[in-house]
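Encoded as structure tokens, the structure appears first; notes follow it.
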Protein chains: 2
Amino acid sequence: MTKYNHQTKILIAADCIIFGFDGRQLKLLLVQRALEPEAGKWSLVGGFVQPEESLGQAASRVLHKLTGLSDVYLEELSTFSEPTRDPVERTVSVAYFALIDINKYKQQITTDYHAEWFDLNKFPKLIFDHQEMVEKAKARLRYKAAFHPILFELLPAKFTLPQLQSLYEEVYNIEMDKRNFSRKILSMHLLEKLDEKDKENSKKGAWFYKLNKKKYKANFHSVATIIPNPDIYYS
Amino acid sequence: MTKYNHQTKILIAADCIIFGFDGRQLKLLLVQRALEPEAGKWSLVGGFVQPEESLGQAASRVLHKLTGLSDVYLEELSTFSEPTRDPVERTVSVAYFALIDINKYKQQITTDYHAEWFDLNKFPKLIFDHQEMVEKAKARLRYKAAFHPILFELLPAKFTLPQLQSLYEEVYNIEMDKRNFSRKILSMHLLEKLDEKDKENSKKGAWFYKLNKKKYKANFHSVATIIPNPDIYYS
DNA sequence: TCAAAAGTGTTTAAAGTACACCCATGA
DNA sequence: TCATGGGTGTACTTTAAACACTTTTGA
């Protein structure tokens with residue numbers, strides 16, 4: 001069959017912006033780049049798209065290789081395609097952002113990477129346009145989480161309302177009223193109260209909740225205004 | 001400098017889903033494909049990314065070449081990258097959706113394309129996965145327009161409230177109360193009433209409005225719930 | 001017994017929704 | 001003069017926001 005002759009072929013990479021939450025702060029998982037150039041510099045984890053895989057599969061593969069995790073929340077953010085963004089050779093990158101439970105991340109023994117969690121407000125200079133990717137991912141996370149219940153993805157299977165509230169407060173850098181917060185969250189009917197308390201963070205202990213996965217999936221696209229004045233966050 | 005050896009390079013294309021509104025229905029601008037294979041079949045307009053341009057520039061170029069328009073609302077939708085989506089040769093496509101004033105589209109005399117507007121609810125079978133791109137663009141348009149005032153992009157510079165309402169009703173396939181609609185739209189303070197009436201569509205005539213571009217740009221990312229129950233529309 | 005965090009209800013304000021009549025005009 | 005579409009206001013309901021005290025318990 002005819003080929004598309006005289007057209008330029010380009011390297012394509014998938015890069016992942018991986019978010020985590022340690023109970024206090026939002027974190028970003030970065031790796032020390034193995035390839036030249038810039039070997040040893042901090043970067044997002046990424047890899048070239050292989051002949052037999054789609055971009056989403058490439059992102060999943062890269063994420064799995066680093067963290068050992070599958071079934072992770074992974075969303076296409078956007079493409080980065082300035083011709084000179086990679087000084088070695090033209091590479092178009094498709095950025096994905098991932099939300100993972102930070103406790104689940106176990107560095108693979110046979111990893112090629114040195115990986116580390118950094119505070120999202122203070123992380124090292126990154127290679128190429130990775131800084132811009134992180135900024136865009138942060139904006140997207142804020143935008144999306146203002147309407148969709150995706151922040152659960154950053155918490156363990158069992159979590160408390162105060163933990164969840166801290167997460168929202170951290171993501172949006174605001175303080176929220178716990179009475180209004182719990183009413184709003186519980187009115188979505190996505191959470192089930194367990195008869196177990198978290199005694200680590202207070203004497204009285206806070207009830208654990210878990211996601212009702214069925215309802216979560218069914219209502220995943222539902223829109224709720226979780227955050228006051230979501231105007232501020234855009235995408 | 002070292003190159004990234006042994007990595008697969010891939011063709012990259014930008015495809016545009018171009019929406020218009022004729023006053024009654026949403027329209028889709030399609031072209032008859034010039035290239036083999038599938039020459040003569042209907043498809044989205046698109047083109048391969050050139051060495052010196054970004055993906056966004058490629059999309060703008062393709063759109064400009066077809067319509068003669070610049071400064072068009074153009075938003076990256078997502079990538080389409082199944083290895084076998086193009087039977088000739090692997091091509092990753094980045095889909096963009098565009099909103100244009102249908103009256104402004106003048107087919108270029110020297111076009112390579114035969115282009116035509118189709119009703120969004122009834123258009124021919126498209127090549128490859130272009131059908132899927134259109135569906136995704138439609139969903140994104142509904143999602144985005146439920147919160148952001150982007151539908152103005154589909155109207156002429158001067159338009160009336162009844163026209164705008166028809167557009168919303170068409171996009172969401174709902175009927176809206178004109179009193180509530182005008183109150184909500186005007187409360188955004190994005191529109192300026194002109195002292196001129198559209199007498200084409202009624203005897204009494206409806207006042208023309210125009211966008212206050214300054215406020216429009218400033219508030220572009222603002223979030224307003226223009227549509228009741230936006231739950232239904234997602235992205 | 002007290003310090004620290006968890007849990008809970010009510011009142012008020014704002015936003016959204018439903019609804020019906022008069023107006024201007026050309027045919 | 002009448003048929004057609006344009007324009008406007010009000011009452012009601014729902015939702016969001018502000019706000020303070022009691023409970024539990026480990027140290």
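Since the structure is predicted, the reported quantities are computational estimates derived from the model, not experimental observations. The sequence lines fix the lettering, A, B, ..., with proteins before strands; numbering per chain opens at 1.
Using modelled atom types, one finds a donor on one side chain and an acceptor on the other under 3.5 Å when comparing B:Tyr73 with B:Glu75.
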Distance-only donor-acceptor pairs under 3.5 Å for side chains of residues 209-217 of chain A, two or more places apart:
{"from": "A:Asn212", "atom 1": "OD1", "to": "A:Lys214", "atom 2": "N", "distance (Å)": "3.2"}
{"from": "A:Asn212", "atom 1": "OD1", "to": "A:Lys215", "atom 2": "N", "distance (Å)": "3.1"}
{"from": "A:Asn212", "atom 1": "ND2", "to": "A:Glu192", "atom 2": "OE2", "distance (Å)": "2.8"}
{"from": "A:Tyr216", "atom 1": "OH", "to": "A:Pro149", "atom 2": "O", "distance (Å)": "3.3"}
{"from": "A:Tyr216", "atom 1": "OH", "to": "A:Glu153", "atom 2": "OE2", "distance (Å)": "2.7"}

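Applying the side chain to side chain contact (heavy atoms under 4.5 Å, CB included) test to A:Ser166 and every residue at least two apart in sequence or in another chain returns A:Phe21. In terms of the side chain to side chain contact (heavy atoms under 4.5 Å, CB included) criterion, residue partners of A:Glu76 (sequence neighbours excluded) are, by chain and number, A:Val94, A:Tyr96, B:Glu76, B:Ser78, B:Thr79.
In this entry the distance linking NZ of A:Lys184 with P of D:dT14 reads 18 Å, nearest Å. C:dT8 atom C1' lies 14 Å from atom CD of A:Gln165, rounded to whole Å. If you take CG of A:Leu186 and P of C:dG9, they are 12 Å apart, rounded to a whole angstrom. Spacing between atom OH of B:Tyr209 and atom P of D:dG7 amounts to 7 Å, rounded to whole angstrom units. What separates CG of A:Leu161 from P of C:dA6 is a distance of 10 Å, to the nearest Å. Nucleotide C:dA4 holds its C1' atom 16 Å from the CD atom of A:Glu200, rounded to whole Å. Counting to the nearest Å, the P atom of D:dC19 and the CD atom of A:Glu175 are 14 Å from each other. As a whole-Å value, the separation of B:Ile185 CD1 from C:dT17 P is 13 Å.
Residue pairs that meet the salt bridge (Lys or Arg N to Asp or Glu O under 4.0 Å) test with at least one member in residues 123-135 of chain A, sequence neighbours left out, are A:Arg85-A:Asp129. Sequence neighbours left out, the pairs with a member in residues 17-30 of chain A that pass side chain to side chain donor-acceptor pair (under 3.5 Å) are A:Gln25-A:Asp119.
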task: Indicate for each nucleotide in nucleotides 19-27 of chain C, in 5' to 3' sequence, whether protein heavy atoms under 4.0 Å reach the base (B), only the sugar-phosphate (S), or nothing (-).
output: BB--BBBB-
